[in-house]
Protein chains: 2
Amino acid sequence: MTPQRQLVLDAVSELGHATPEAVCTRVQETAPAVNITTVYRTLDLLEQLGVVKHTHLGHGAPTYATSEHEHVHLVCHHCGRVDEIEADALDDLAAALRRSHGFRLDATHVALSGACRDCADRADAELAEEVAP
Amino acid sequence: MTPQRQLVLDAVSELGHATPEAVCTRVQETAPAVNITTVYRTLDLLEQLGVVKHTHLGHGAPTYATSEHEHVHLVCHHCGRVDEIEADALDDLAAALRRSHGFRLDATHVALSGACRDCADRADAELAEEVAP
DNA sequence: CTATGTGCAAACAGTTTGCAGTTAT
DNA sequence: ATAACTGCAAACTGTTTGCACATAG
C-alpha cells in the first residue's frame, strides 16, 4: 500500500461517489504530483481487491465508492439529481429475472434512469398549462 | 427530410440497435461522403422527433433503435451478451418507485447489468472447482 | 436572400498505453 | 538486482463545435 494508493482510497471514502477526475483533484490537494493515470490504475486495483466499486450514473464518467456503500441509484435525466435506495428494493425483480432468464442482476452497477419527483411534477404542470392556458 | 437523414433512419431500422459509428458505416456503404458528424446530428434530430430512441447498454457508445422497438435490455458484464425482455417486466418496480420516491422510471433507457445464464453457471462451476479440486 | 443542412478540421472528455525513471525488497 | 509502482507524453474512442460551402425555399 503506497502513499498514493492510500490517498486514493481516502479520497473515495471521503467523497462518497466520485469520478476518477474528482478523486484525482482531491488527492492533488495534499499530493499535487499525483497523476490521473495513477488514480485510474489504483481504482482498478482497489476494485479487483473488492475495496471499492464503480457505478454508472449516466452518460459521463463512472463514480467510485467504497464497497460497504452499496445501494441502487435513481438518476433523473432532466436535472441530474441522484437518489439512493436500498438494494433490496430490486430483490423481487432480481428473483423474477433469474427464474425467467437465468439472469443474475447486479442492481448496484448501473443506475436506474427516469424523472425525479420534482421534474415529473413540473412536466405534468407544463402539460396541464398547454391544455388549458 | 434530406437524403442523408433518410439513409440514417433506414440504417437504424435495418440494424436494430446500432451505435452511431455502426450507423455511419452502414450509411457510407451507399453514400461514402456522409460524415459521422451528420449522423450524430441526425440521430439527435430523429430522437427529438420521437422517431428513434437511444439506450445505454454499458460503458461504450449508446445504441439507437426505432421507437416502436421498445424493451428492457439485460446486458451481461462478463461476455457482453444482450437479452431483451418485455418492458412491462418492470411495471411493479416502477409502481413501487413512484409510490415511495415519486420517481418515474424509464425502464428502456438504461440496460440492467448482471450475469447471463451461461456466465453465471460458469462462475458457479469455477467456484465449485476451487472448493473441491 | 435568408435559413437550413452538410462536410471538414479541430477540440473536447474520458481513458488507456508505452516507456523511462524511481522506489522498495 | 529484480520486481513493482509512478509520472509523463501520446494515443485512443466517443462526441461536440466552429466555420465555410452548398442548397432549398
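As the structure is a computational prediction, the values presented were derived from the model and not from experiment. In the text below, chain A, chain B and the rest are named by the order of the sequence lines, each starting its count at 1.
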- Query: Should B:Leu57 and B:Leu112 be counted in the same cluster of Ile, Leu, Val, Met, Phe, Trp and Tyr side chains packed under 4.5 Å apart?
  - Reply: no

- Item | Rounded distance (Å) that lies between atom P of D:dC8 and atom CD of A:Gln4 | 11 Å

- Does A:Arg41 make a side-chain N or O approach to OP1 or OP2 of C:dT15 shorter than 4.0 Å? no

- Which nucleotide in the set D:dT16, D:dT6, D:dC8 lies at the smallest distance from any side-chain heavy atom of A:Thr37? D:dC8

- Within the structure shown, what part of the strands sits under 4.0 Å from A:Pro62 by heavy-atom distance: base, sugar-phosphate, or nothing? sugar-phosphate

- Query: If you measure from the Lys or Arg side-chain nitrogens to the Asp or Glu carboxylate oxygens, is any gap between B:Arg104 and A:Asp124 under 4.0 Å?
  - Reply: yes

- Query: A:Val34 or B:Gly60: which one's nearest nucleotide on DNA chain D is closer to the 5' end?
  - Reply: A:Val34

- Query: If you draw a 6.0 Å radius around CD in A:Glu21, do more than 12 non-hydrogen atoms from other residues or ligands fall strictly inside?
  - Reply: no

- Task: Answer yes or no: is there an ion pair linking B:Glu47 with B:Lys53, defined by an N-O contact shorter than 4.0 Å?
- Result: no

- Note on the structure: To the nearest angstrom, the CG-P distance between A:Leu49 and D:dA4 comes to 15 Å

- Item | Atom-to-atom span, CD of B:Gln6 to P of C:dT6 - whole angstrom | 12 Å

- Task: Considering just the side-chain nitrogens and oxygens of A:Thr2, establish if one lies under 4.0 Å of OP1 or OP2 belonging to D:dA4.
- Result: no

- Item | Separation of atom CD in B:Gln28 from atom C1' in C:dT6, rounded to whole Å | 14 Å

Between N or O atoms, less than 3.5 Å apart, protein on one side and nucleotides 23-25 of chain D on the other: list the pairs.
none

- Query: Which nucleotide sits closest to the side chain of B:Tyr40: C:dG7, D:dT16, C:dG5?
  - Reply: D:dT16

- Could you check how far CG of A:Asp44 sits from P of C:dT15, rounded to whole Å? 10 Å

- Message: Looking at A:Glu14 and A:Arg26, is there a salt bridge between them, counting it only when a charged N and a carboxylate O are closer than 4.0 Å?
- Response: yes

- Below 4.0 Å: OP1/OP2 of C:dG7 and any side-chain N or O of B:Thr38: yes

- Less than 4.0 Å between a side-chain N and a carboxylate O, is that true for A:Asp83 and A:Arg81? yes

- Item | Short side-chain N/O contact from A:Asn35 to OP1 or OP2 of D:dC8, under 4.0 Å | yes

- Task: Could you tell me the separation between the CD atom of A:Gln48 and the P atom of D:dC5, rounded to a whole number of Å?
- Result: 11 Å

- To the nearest angstrom, the NE2-C1' distance between A:His59 and D:dG14 comes to 14 Å

- Message: Between A:His17 and A:His73, is the ring centroid distance below 6.0 Å?
- Response: yes

- Task: Check the distance between D:dC12's P and A:Ile36's CD1 and give it to me in whole angstrom.
- Result: 20 Å

